[in-house]
Amino acid sequence: MQQLKRIGAIGGTVALIACWPLAVGQIGQTLLSDGIAELQKQNNGYSAELVSYERGYLSSVAVTRYSVTDPETKHKLLSDGLPSEMTLKHTINHGVMNLTAETVPVGVPELPAVLHTTTQLNGNTTFELDMDTINRSYDDGSVVAITQPELSGKASVLGEVSFTLDIPLVQLKFANGDTLTLTELKGTGDGKREYGFWLGSHQFDLKKVALLAKGNGPVFQGEEFSYRIHSEKDKLTGKIDSNHILKGSRLVSGDGMVDKAQLDMTWGALDAKTMQVLSQLNHNDHVQRNAAIDEFLSKGLYFSVNNMQVSIGDGRFDSDLKLTLPEGIAHVSEDIGKVFSELKGNVNTFISHEMVKQYPYIKQGLDELIIMEMATETDKGIEIHADISQGSLEFENGQKVPLFPLLLPMFFHQ
């Protein structure tokens, strides 16, 4: 009897092992189906579809399709000769504790890419994109060349994503003969998508960029660019702060050269729920759009330029700004003047004497501000300080300038 029990236990174990690949295959199909459904719910201007899923014993084959649904984006892609949809084929192997897959584009020979993924049974996934050099020429004379981009990272079932990106060289030649070259583009990120907004930290670095006009030389050149984004949500209020820092050096254009430039700005106290509603709206429905804007602005927010700095030779320009819109302002879409009258904040600017010497045409305006006591001259340069309240910019001498004509272009800039 004991022997029979032992044989039965062994048989049960063998049966379990034999059924395991089938169970893993079922889990894989469920994970992919759920992922497609989640993408569809986000409604971000594209659609996702599970075309087919053929589940086998040790492996499965799935086909998915992704389409751009936003009319403007779709029209732009088609007018540029680019596809507005892509079909992917997934070859999935059923392991004991995970699923491995190779994903390739279908019918796009000019995109030589393979995405390798390993998905644990709990849904956590690591990924690595292998792509050969892309070199494609078009009938209009334009050329796209991308040297062996690399992308890898991981994604959790909770929506957390981290990645690293490395593209050694991107070269674009346009139909008119102009060229754009990006050298050593790198990126890292670690975050999570909530309420249609990416929370976490992301950074992109670019060693060099050059835009050259055919026959006319450089239109724009720059080095050592970096763009850092850090966004986080306050757990108590549910509001989001999003900080952006952009840096660059040796910026050359038709207006001259800037040795260094930096812009550090923050959009803060953004209400996550109403912002998500805004992002999902049909913007052709003006009534619905205005109602959503009113609700969003009624929650209050702030915008700050923490530091804007430009260095040209020995000259320096520094400025900071903060604007706060308090909570409780209703029906802004009916009267935008309410925003200007309720804004509070301050602005501070410094222009060094060396900068004024390099650009003498700004000296007359600064001298007038000094005479009117709206600016102060120090041994290092010119300083301007002003407070913002009740729809006016109030300088240190008490003089006020209406805020409406100064900020109106920000609200209607296209």
Side-chain angles (χ1 to χ4, degrees), residues 182-184 201 203-211 217-230 241-268 302-324 343-388 393-401 403 405-407 409-410 413:
L182 308 177
T183 305
E184 293 187 25
S201 296
Q203 178 157 333
F204 298 92
D205 299 297
L206 181 62
K207 188 174 183 62
K208 189 175 182 179
V209 60
L211 176 61
V219 175
F220 176 78
Q221 290 181 320
E223 300 176 4
E224 306 300 337
F225 285 93
S226 68
Y227 180 36
R228 181 182 181 275
I229 311 165
H230 178 75
D241 288 350
S242 184
N243 177 244
H244 303 251
I245 301 176
L246 178 63
K247 297 180 181 179
S249 61
R250 297 189 62 80
L251 313 178
V252 180
S253 68
D255 297 325
M257 187 178 81
V258 173
D259 292 290
K260 289 184 179 180
Q262 173 178 308
L263 177 61
D264 177 347
M265 62 182 182
T266 301
W267 285 97
Y302 74 84
F303 170 73
S304 66
V305 176
N306 307 310
N307 184 24
M308 181 169 63
Q309 185 178 104
V310 177
S311 298
I312 303 175
D314 295 328
R316 200 174 90 241
F317 170 89
D318 291 290
S319 187
D320 63 78
L321 163 74
K322 185 164 186 179
L323 297 171
T324 300
L343 279 175
K344 298 183 183 300
N346 56 75
V347 58
N348 304 285
T349 299
F350 169 79
I351 306 170
S352 70
H353 289 307
E354 291 80 6
M355 183 71 82
V356 176
K357 289 178 182 177
Q358 293 182 66
Y359 297 92
Y361 58 84
I362 68 173
K363 179 174 172 49
Q364 182 179 351
L366 291 173
D367 287 342
E368 292 177 359
L369 290 176
I370 293 172
I371 293 171
M372 292 186 292
E373 298 181 342
M374 298 169 69
T376 303
E377 185 171 13
T378 70
D379 58 344
K380 294 183 178 180
I382 313 299
E383 296 182 4
I384 303 172
H385 305 283
D387 292 326
I388 298 168
L393 196 65
E394 183 175 353
F395 292 88
E396 290 183 307
N397 67 345
Q399 187 167 342
K400 296 182 179 181
V401 175
L403 194 61
L406 297 177
L407 293 184
M410 293 175 57
H413 178 67

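In this chain, residues are counted from 1 in sequence order.
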S.K.: Between the side chain of Asn243 and the main-chain N/O of Met265, is any donor-acceptor distance below 3.5 Å?
M.R.: yes
S.K.: Using atom types as modelled, flag every donor-acceptor pair under 3.5 Å from a side chain in residues 302-312 to any protein atom, sequence neighbours excluded.
M.R.:
| residue | atom | partner | partner atom | Å |
| --- | --- | --- | --- | --- |
| Ser304 | OG | Asn306 | OD1 | 2.9 |
| Asn306 | ND2 | Asp264 | OD1 | 2.9 |
| Asn306 | ND2 | Thr266 | OG1 | 3.0 |
| Gln309 | NE2 | Asp318 | OD1 | 2.9 |

S.K.: Can you measure from CZ (Arg316) to CE (Met355) and round to the nearest 0.5 angstrom?
M.R.: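 The CZ atom of Arg316 sits 9.0 Å away from the CE atom of Met355.
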S.K.: Short question: side chain of His230, backbone of Gln203 - any donor-acceptor pair under 3.5 Å?
M.R.: no
S.K.: So which atom in Ser352 and which in Gly315 form the shortest heavy-atom distance, rounded to 0.1 Å?
M.R.: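 Closest pair (atom of Ser352, atom of Gly315, distance): OG-CA, 3.4 Å.
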S.K.: Which atoms form the tightest heavy-atom contact between Phe225 and Gly248, and what is the distance?
M.R.: CD2-CA, 4.0 Å
S.K.: If you look at every heavy atom in Ile388 and Lys322, which pair is closest and at what distance?
M.R.: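 It is CD1-O, 4.5 Å.
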S.K.: Any chance you could measure Met374, atom CE, to His385, atom NE2, to the nearest 0.5 Å?
M.R.: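 It is 13.5 Å, given to the nearest 0.5 Å.
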S.K.: Looking at every non-hydrogen atom in both residues, tell me the closest pair between Phe395 and Ala386 and how far apart they are.
M.R.: CD2-CB, 4.0 Å
S.K.: Could you give the distance from CD (Glu383) to CD (Glu377), rounded to the nearest 0.5 Å?
M.R.: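 Here the rounded value is 10.5 Å.
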S.K.: First locate atom CD of Gln221, then atom CG of Leu211, and finally report the distance between them rounded to the nearest 0.5 Å.
M.R.: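 These two atoms lie 9.0 Å from each other.
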S.K.: Counting heavy atoms not belonging to Asp314, are there more than 12 under 6.0 Å from its CG?
M.R.: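 Open.
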S.K.: Between Lys207 and Glu223, does any NZ, NE, NH1 or NH2 come within less than 4.0 Å of an OD or OE carboxylate oxygen?
M.R.: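 Not counted as a salt bridge, because no side-chain N and carboxylate O are separated by less than 4.0 Å.
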S.K.: Working to the nearest 0.5 Å, report the span between CG of Asn346 and CG of Leu321.
M.R.: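 Answer for the CG-CG pair, Asn346 versus Leu321, is 7.5 Å.
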S.K.: State whether the side chain of Asp259 and the backbone N or O of Gly313 hold a donor-acceptor pair below 3.5 Å, judged by distance alone.
M.R.: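 Present.
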S.K.: Report, one line per pair, each donor and acceptor closer than 3.5 Å where one atom sits in a side chain of residues 363-373; sequence neighbours left out.
M.R.:
| residue | atom | partner | partner atom | Å |
| --- | --- | --- | --- | --- |
| Lys363 | NZ | Asp367 | OD2 | 3.4 |

S.K.: As an exercise, state the distance from OG1 of Thr183 to CG of Leu206, rounded to the nearest 0.5 Å.
M.R.: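 Spacing of OG1 (Thr183) from CG (Leu206) equals 7.0 Å.
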S.K.: How far apart are the closest heavy atoms of Pro360 and Lys357, and which atoms are they?
M.R.: CD-O, 3.6 Å
S.K.: Please report the shortest heavy-atom distance between Val347 and Ser319, naming the atom on each side.
M.R.: CG2-OG, 4.5 Å
